[in-house]
Amino acid sequence: MRLISDIEYAAGLKMDLYRPDADGFDLIVWFHGGGLESGCRADGAGLGAAFAAHGCGFASADYRMYPAARYPDYLLDGARAVAFALQRAKEYGGSGRVIVSGQSAGAYMTMLLALNPALLRNAGASCAAVAAYISDSAQQTTHFNVLRERGEDSRAERIDPAAPLWYVGAERLPAPLLLIAYRDDIPCRPEQNALLYRSVRRFHPDAPIELVMLPGGHCAGSSRPAENGEYPFVTETLRFLHETIEQRTEE
C-alpha cells in the first residue's frame, strides 16, 4: 500500500489516498462521520489500509463542518470531492471507476449525492458517472444538526429537501446502492434505512439496492475490525461491488 497525503481537491479542502501497489484500481471516495461537526479524513486510515490490501483505492476526504459551515456547505464540498475523483482518478493510477461512500454523517452526504442530482451536476459531474454508492448507517431523514441549525428539536423525524428520503420517487437510482445499518444503532436509524429501501422498491421492484443489517452499535462494522481482522463494512462493500458491478461488467 502507498499513502498519498494532502491532495487538494478544492481550495482549502484535501483528501488522503490509500492506494494498492498495482495500478488500475477502483477508487472509493469516503466521507467520515461525526455528526457534521467533528472527525477528519485521518479517521479513515484503518479502512483505507484494509481496502488497499484488497486491491481498492480509498480516498478519505475532509469537508467543512459546524459551527463554521452551514447546510449545504458540506454537501457542496462532497460533490467537489466526487467530481475531482471522477476527473483525476486515472492520474493517480485508478481505473476511472469511482464509488462514493461514507460513515454516519458522511453516509448522509453520500445518500444526498446519490439521490439529489443537482449536487453533483452543479459540481460538473453526474450521479450516473459514479459506479456505486455505499451508505454506512446514514440518517435518511433531515440530519439532526440541520434541524438544530433551524432551531428545531434535533430528535424530530423530518422529511424535506434536506432528507435523502425526500428524493425517492419515479426517478430511478443512478447506480447500485448498498445500505448498511446496525441492529443496535442510533434510535430510528435502522427503521429509516428500512423505509428508504422499501420506498425505492415500491417505485422500482428491480432497483439495484440492498439493505444489510449488521450486529453491533452505530457504525460498528466500519469503526473496528472483527475477530478475524477484517472490517465487516469492507467485507460487505467488496461483496456488493463484485455482485453488482464486476459481474455486470463480465456479462
Side-chain angles (χ1 to χ4, degrees), residues 26 28-31 33 75 78 82 97-121 126-144 146 156-216 218-222 232-251:
D26 293 345
I28 297 170
V29 177
W30 188 81
F31 303 108
L75 297 174
V82 174
R97 193 155 60 182
V98 172
I99 297 98
V100 177
S101 182
Q103 177 196 70
S104 192
Y108 167 77
M109 293 170 56
T110 296
M111 291 302 307
L112 282 168
L113 292 171
L115 298 177
N116 180 2
L119 290 168
L120 281 177
R121 183 171 61 243
S126 164
C127 295
V130 175
Y133 295 86
I134 315 290
S135 163
D136 187 38
S137 197
Q139 183 163 355
Q140 305 291 3
T141 57
T142 297
H143 195 274
F144 63 82
V146 177
E157 303 293 325
R158 296 283 185 268
I159 300 175
D160 58 38
L165 274 160
W166 176 267
Y167 299 94
V168 175
E171 190 168 335
R172 290 186 171 272
L173 289 177
L177 169 62
L178 173 62
L179 305 171
I180 296 175
Y182 298 85
R183 294 171 195 153
D184 298 313
D185 214 319
I186 291 173
C188 300
R189 199 62 57 92
E191 292 84 357
Q192 291 174 10
N193 280 272
L195 176 59
L196 189 136
Y197 171 80
R198 290 168 185 156
S199 297
V200 170
R201 286 289 195 199
R202 189 177 186 187
F203 282 95
H204 306 289
D206 61 344
I209 184 171
E210 183 178 342
L211 171 64
V212 173
M213 289 287 180
L214 295 177
H218 184 59
C219 295
S222 60
F233 172 78
V234 173
T235 301
E236 290 296 332
T237 295
L238 294 174
R239 174 196 58 78
F240 181 76
L241 294 178
H242 175 71
E243 292 176 358
T244 60
I245 297 179
E246 293 179 16
Q247 288 186 359
R248 288 185 180 189
T249 302
E250 292 170 1
E251 292 173 359

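The residues of the chain are indexed from 1 along the displayed sequence. Only this structure's heavy atoms are used, side chains among them; waters, hydrogens and symmetry mates stay out.
In terms of heavy atoms, Gly102 sits closest to Ala107 at O-CB, 3.2 Å. Minimum heavy-atom separation, Ala163 to Gln140: CB-O, 3.8 Å. Minimum heavy-atom separation, Val130 to Val98: CG1-O, 3.4 Å. Here the closest heavy-atom approach between residue Leu120 and residue Tyr133 is recorded as CD1-OH, 3.8 Å. Between Asn116 and Tyr167 the shortest heavy-atom distance is ND2-OH, 3.4 Å. A pairwise comparison of heavy atoms in Tyr108 and Val146 identifies OH-CG2, 3.9 Å as the closest pair.
Other residues, nucleotides and ligands contribute at most 12 non-hydrogen atoms within 6.0 Å of the CZ atom of Arg198. Glu191 CD: more than 12 foreign heavy atoms inside a 6.0 Å radius. Summarising the local packing, CZ of Arg239 is surrounded by more than 12 heavy atoms from other residues, nucleotides or ligands at distances under 6.0 Å.
Side-chain contact between Thr237 and Ser101: absent, with no pair of heavy atoms (C-beta onward) separated by less than 4.5 Å. Contact of the Leu173 side chain with the Leu115 side chain is registered, since non-hydrogen atoms from C-beta on lie closer than 4.5 Å. Between Phe240 and Val212, every side-chain heavy-atom pair lies at or beyond the 4.5 Å cut-off. With a 4.5 Å cut-off on side-chain heavy atoms, Leu75 and Met109 count as touching. Looking at heavy atoms from C-beta onward, Cys219 lies out of side-chain contact with Arg189 at the 4.5 angstrom threshold. Between Asp136 and Trp30, the closest side-chain pair of non-hydrogen atoms is not below 4.5 Å.
In this structure a side-chain-to-backbone donor-acceptor pair under 3.5 Å is present from His204 to Ala170. Panel note: side chain Gln192, backbone Leu195; no donor-acceptor pair is recorded below 3.5 Å. Checked by atom type and distance alone, the side chain of Arg201 pairs as donor or acceptor with a backbone atom of Ala207 at under 3.5 Å. Under a 3.5 Å cut-off, the side chain of Tyr182 and the backbone N or O of Gly221 do form a donor-acceptor pair. The closest donor-acceptor contact from the side chain of Asn193 to the backbone of Ile180 lies at 3.5 Å or more, if one exists at all.
A distance of 8.0 Å separates CG in Leu178 from OG in Ser135, rounded to the nearest 0.5 Å. A distance of 4.5 Å separates CG of Asp26 from CD1 of Ile99, quoted to the nearest 0.5 Å. To the nearest 0.5 Å, atom CD1 of residue Ile209 and atom CG of residue Leu177 are 4.5 Å apart. How far OH of Tyr197 is from CG of Leu179: 9.0 Å, rounded to the nearest 0.5 Å. Taken from CE in Met213 to OG in Ser137, the straight-line distance is 9.0 Å, to the nearest 0.5 Å. Atoms CZ and CD1, from Arg97 and Ile245 in turn, are 5.5 Å apart once rounded to the nearest 0.5 Å.
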>> Go through it in stages, so that I can follow the logic: the residues are Ser199 and Leu165, the test is side chain to side chain contact (heavy atoms under 4.5 Å, CB included), and I'd like the CA-CA distance, side-chain angles, deciding distance and then a yes or no.
In response: CA-CA 8 Å; Ser199 297; Leu165 274 160; 4.2 Å; yes
>> Please evaluate residues Ile134 and Phe233 with respect to the criterion side chain to side chain contact (heavy atoms under 4.5 Å, CB included), reporting the C-alpha separation (whole Å), side-chain torsions for both, the decisive distance (0.1 Å), and the verdict.
In response: CA-CA 10 Å; Ile134 315 290; Phe233 172 78; 3.8 Å; yes
> Under the side chain to side chain contact (heavy atoms under 4.5 Å, CB included) criterion, do Arg172 and Asp206 qualify, and how do the steps go?
Replying inline: CA-CA 10 Å; Arg172 290 186 171 272; Asp206 61 344; 3.2 Å; yes
>> Under the criterion side chain to side chain contact (heavy atoms under 4.5 Å, CB included), I'd like the reasoning laid out for Glu210 against Thr244: C-alpha separation, chi angles, the key distance, then a yes or no.
In response: CA-CA 10 Å; Glu210 183 178 342; Thr244 60; 5.7 Å; no
